[in-house]
Protein chains: 2
Amino acid sequence: MTPEVAINFRERAYSLLQADAEKIVKLIQVQMDHLTMPQCPLYEEVLDTQMFGLSREIDFAVRLGLVDEKDGKAILDRLERELSALHEACTKKTKK
Amino acid sequence: MTPEVAINFRERAYSLLQADAEKIVKLIQVQMDHLTMPQCPLYEEVLDTQMFGLSREIDFAVRLGLVDEKDGKAILDRLERELSALHEACTKKTKK
């Protein structure tokens, strides 16, 4: 395998996955901004679906040998933390 | 880009997607085999989830430039036809 070409595909894979992860972060932020509303309109199903979709993309990239397993896990872990923070903020808001 | 390496990644991407599509075909066949039971235990949610996951993998492979859009669409179209046949068979069975 020619190293340059492998790096080219790898970079593209990482950049696509990061872009897709950013879209989910934006969805989470939109939800955070709506915590001031009477109910917390958590689009849990939408977020779960997007997380599942991204996890399948990452899994595919890992199986292709383009993305390291630990890097893929790191992308999902970061999103999981953001999601936890959203749930926590919403629970606190609801309890008030 | 070195052609051989690009072909290598392309072949791997096609073979992974075909393998994932085959898994869904098997799920559909299992459902078909259960049509003889009193109810049709259509695992619609399971099948829908798997179809969505595969469509995300295909979309990712197309965006990476590893898989042609028409080939990705052909994989999904074939599965959609199998799913339609399953639904039809189940509807006929229920009407009896």
Side-chain angles (χ1 to χ4, degrees), chain A residues 1-28 30 42-80 82-83, chain B residues 1-28 30 42-80 82-83:
Chain A
M1 191 184 296
T2 320
E4 311 86 71
V5 182
I7 287 167
N8 188 317
F9 273 115
R10 231 161 246 143
E11 275 177 5
R12 245 195 279 180
Y14 274 96
S15 122
L16 284 174
L17 292 178
Q18 287 295 355
D20 288 349
E22 275 315 307
K23 276 183 213 155
I24 299 179
V25 168
K26 287 226 171 69
L27 276 177
I28 294 173
V30 167
L42 276 181
Y43 296 141
E44 293 201 42
E45 213 176 310
V46 174
L47 286 171
D48 280 357
T49 304
Q50 292 307 313
M51 284 290 282
F52 172 71
L54 182 63
S55 74
R56 287 292 292 257
E57 288 180 17
I58 290 174
D59 180 62
F60 182 71
V62 169
R63 286 187 291 155
L64 262 178
L66 289 178
V67 166
D68 290 340
E69 200 168 343
K70 67 166 177 36
D71 295 331
K73 203 180 164 305
I75 294 174
L76 287 176
D77 283 351
R78 183 205 157 194
L79 288 174
E80 292 287 359
E82 302 256 5
L83 274 175
Chain B
M1 191 184 295
T2 319
E4 311 86 70
V5 182
I7 287 167
N8 188 318
F9 273 114
R10 231 162 247 143
E11 274 177 5
R12 245 195 279 177
Y14 275 96
S15 124
L16 284 174
L17 292 177
Q18 288 294 355
D20 289 348
E22 275 314 308
K23 278 183 212 156
I24 299 179
V25 169
K26 286 226 172 69
L27 275 177
I28 294 172
V30 167
L42 274 183
Y43 296 141
E44 293 202 40
E45 213 175 312
V46 175
L47 286 171
D48 280 356
T49 304
Q50 292 307 313
M51 284 291 282
F52 172 72
L54 181 63
S55 74
R56 287 291 292 257
E57 288 180 17
I58 289 175
D59 179 64
F60 181 71
V62 169
R63 287 187 291 155
L64 263 177
L66 289 178
V67 166
D68 290 341
E69 201 167 342
K70 66 166 178 34
D71 294 332
K73 202 180 164 305
I75 294 173
L76 287 177
D77 284 351
R78 183 205 156 193
L79 289 174
E80 292 288 359
E82 302 257 6
L83 274 175

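Residue numbering restarts at 1 for every chain, and letters A, B, ... go by the order of the sequence lines.
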Chain A-proximal positions within residues 56-63 of chain B [heavy-atom distance under 4.5 Å]
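Counting heavy atoms that sit under 4.5 Å from chain A, the residues of residues 56-63 of chain B involved are B/R56, B/E57, B/F60, B/A61, B/R63.
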Which residues in residues 69-80 of chain A have a heavy atom less than 4.5 Å from any heavy atom of chain B?
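So no residue qualifies.
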Would you mind checking which part of A/S55 comes under 4.5 Å of any heavy atom in chain B, side chain (CB onward), backbone (N, CA, C, O), both or neither?
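A/S55 has no heavy atom closer than 4.5 Å to chain B.
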What closest approach, in Å, do B/F9 and A/L66 show between heavy atoms, and which atom pair accounts for it?
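Shortest heavy-atom separation between B/F9 and A/L66 comes out as CE2-CD2, 3.2 Å.
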Set of salt bridge (Lys or Arg N to Asp or Glu O under 4.0 Å) partners for B/K26, sequence neighbours left out
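Scan of B/K26 (salt bridge (Lys or Arg N to Asp or Glu O under 4.0 Å), adjacent residues dropped) gives none.
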Between B/S15 and chain A, with a heavy-atom cut-off of 4.5 Å, which part of the residue counts as in contact: side chain, backbone, both or neither?
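For B/S15, no heavy atom lies under 4.5 Å from chain A.
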